[in-house]
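This report concerns only the one structure given below.
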Number of protein chains: 2
Amino acid sequence: MRLNQATDYAFRAVLHLAQLPPGEVVEAQVIAGRECIPIRFLLKILRLLTKAGIVNSHRGVGGGYALARSPEKITLLDVLTAVEGPVRINRCLVDPEFCSRQGPPHCAVHNALRAIQTTLIQQFQSYNFAQLAGRTSSRPAGEKLKSGEPATGSAITGPEPVNA
Amino acid sequence: MRLNQATDYAFRAVLHLAQLPPGEVVEAQVIAGRECIPIRFLLKILRLLTKAGIVNSHRGVGGGYALARSPEKITLLDVLTAVEGPVRINRCLVDPEFCSRQGPPHCAVHNALRAIQTTLIQQFQSYNFAQLAGRTSSRPAGEKLKSGEPATGSAITGPEPVNA
DNA sequence: AGAAAGTTCACCCAAGCAGTATACTTTAGG
DNA sequence: CCTAAAGTATACTGCTTGGGTGAACTTTCT
């Protein structure tokens with residue numbers, strides 16, 4: 001139930017690019033150095049992001065990487081699926097082959113898991129990198145937002161850790 | 001980003017017990033047979049559930065397993081953490097050792113992940129096995145609930161799959 | 001031409017997942 | 001009290017994934 005290290009690195013690499021002036025190209029070396037990511041591994045991750053159309057790569061001497069579109073059009077979900085593939089909480093949900101309960105169309109547990117997965121995905125989708133790049137750390141706390149708040153952003157605010 | 005097979009089996013084993021008359025003891029063999037779970041593997045999982053106080057085991061000839069408390073007091077989260085340990089979406093969130101961004105108290109990405117993890121946990125907590133055992137499959141669809149709805153149940157309803 | 005960037009492909013080691021094996025303890029019943 | 005039917009304990013195995021490295025290549029600027 002956890003996302004892997006490459007995804008975490010990818011988040012921070014994209015965040016790094018999002019904090020730069022738009023269109024700015026920066027070498028992988030610089031990102032690796034500033035974010036403490038092993039360079040070879042970062043390059044591998046950046047290739048995934050390139051293939052997914054999230055960043056553009058520039059080869060040759062003054063080369064490097066830049067965001068392929070504006071940060072508010074890039075969500076955590078975009079980066080997550082670029083690195084790990086589609087989110088699936090349970091293999092059963094996507095591949096009925098694996099479900100040992102063939103009887104009912106889907107058992108109660110799987111309906112629940114499907115619902116959980118759906119909101120999880122929506123959550124990842126609700127964060128974009130313009131938001132994240134905005135305030136470097138802890139949100140202003142006074143943050144009031146009309147509970148309709150559409151379009152680009154507005155994640156459910158869940159500030160304090162709940163357990164463990 | 002997925003939960004493992006043992007957890008899925010555990011969910012269905014507990015659901016099986018929840019669908020029986022309260023206090024009924026049933027052998028692992030039977031659960032394994034009906035839910036198509038490899039018996040040895042199921043026994044291993046049942047030991048985890050026993051240690052966590054979710055089921056009680058009865059040894060000897062007429063032995064078997066039964067729920068240790070009433071089904072509405074057992075949530076998906078209980079079973080999940082019994083099998084997999086505490087939910088942590090990102091090792092960074094729990095073990096600052098691993099965070100390469102020591103600079104700010106926590107970077108924007110991690111604040112977002114923390115919030116996502118919190119709602120994820122709440123989601124798993126919002127399903128109990130009395131609910132799940134009740135309607136075998138698809139919820140009644142007309143399901144209206146006051147958006148305050150406390151205590152035992154009431155998950156956020158997220159009916160249709162969102163992508164992939 | 002050559003240095004500085006990214007690309008490709010292939011490899012490696014460790015950990016976790018899914019499941020199995022063996023030997024044991026407890027309990028009911030004859 | 002012996003035995004069979006249940007669960008318990010510990011350890012092992014094969015496989016996949018995660019996390020990362022190596023070496024040789026291509027592109028581009030100067």
Could you tell me the separation between the [atom1] atom of [X] and the [atom2] atom of [N], rounded to a whole number of Å?
{"X": "Arg2(A)", "N": "dG16(C)", "atom1": "CZ", "atom2": "C1'", "answer": "10 Å"}
{"X": "Leu3(A)", "N": "dT17(D)", "atom1": "CG", "atom2": "P", "answer": "17 Å"}
{"X": "Leu48(B)", "N": "dG7(D)", "atom1": "CG", "atom2": "C1'", "answer": "14 Å"}
{"X": "Asp8(A)", "N": "dG20(D)", "atom1": "CG", "atom2": "C1'", "answer": "16 Å"}
{"X": "Leu46(B)", "N": "dA18(C)", "atom1": "CG", "atom2": "P", "answer": "16 Å"}
{"X": "Arg47(A)", "N": "dT21(D)", "atom1": "CZ", "atom2": "P", "answer": "13 Å"}
{"X": "Glu84(A)", "N": "dG18(D)", "atom1": "CD", "atom2": "P", "answer": "7 Å"}
{"X": "Glu27(B)", "N": "dT27(C)", "atom1": "CD", "atom2": "P", "answer": "17 Å"}

Report task. Report the residue from Thr75(B), Asn4(B), Val87(B) that forms a side-chain contact (heavy atoms from CB on, under 4.5 Å) with Leu80(B). Result ->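 In the set Thr75(B), Asn4(B), Val87(B), the residue that makes a side-chain contact (heavy atoms from CB on, under 4.5 Å) with Leu80(B) is Val87(B).
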Using only side-chain N and O atoms of [X], determine if any of them is under 4.0 Å from OP1 or OP2 of [N].
{"X": "Ser57(A)", "N": "dT7(C)", "value": "yes"}
{"X": "Tyr65(B)", "N": "dT8(D)", "value": "yes"}
{"X": "Tyr9(B)", "N": "dG19(C)", "value": "yes"}

Among [options], the nucleotide that comes nearest once only the side chain of [X] is considered:
{"X": "Arg59(B)", "options": "dT26(C), dT20(C), dA5(C)", "result": "dT26(C)"}
{"X": "Leu43(B)", "options": "dG19(C), dG7(D), dA9(D)", "result": "dG7(D)"}
{"X": "Ala28(B)", "options": "dG19(C), dG7(D), dT8(D)", "result": "dG7(D)"}

Report task. Inspect the surroundings of CD in Glu24(A) and state if more than 12 heavy atoms from other residues, nucleotides or ligands are less than 6.0 Å away. Result ->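 Above 12, so yes.
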Query - Leu3(A) and Phe124(A): CA distance, side-chain angles, deciding distance, side-chain contact (heavy atoms from CB on, under 4.5 Å) verdict - result: CA-CA 12 Å; Leu3(A) 29 83; Phe124(A) 276 114; 3.8 Å; yes
Report summary line: Of Lys44(A) and Thr50(A), the one whose closest nucleotide on DNA chain C sits nearer the 5' end is Thr50(A)
Query raised in the report: Toward the 5' end of DNA chain C, which comes first, Arg40(A) or Ala6(B), by nearest nucleotide?
Result: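 Checking each residue's closest nucleotide, the 5'-ward one belongs to Arg40(A).
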Query raised in the report: Can any side-chain N or O of Gln117(A) pair as donor or acceptor with the backbone N or O of Ile89(A) at less than 3.5 Å?
Result: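 Yes, because the side chain of Gln117(A) sits within donor-acceptor range (under 3.5 Å) of the backbone of Ile89(A).
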Query raised in the report: How do Asn4(A) and Val61(A) order along DNA chain D: which one's closest nucleotide is nearer the 5' end?
Result: Asn4(A)
Query raised in the report: Under 30°, 30 to 60°, or over 60°: which ring-plane class applies to Phe129(B) and Phe11(B), parallel, tilted or perpendicular?
Result: tilted
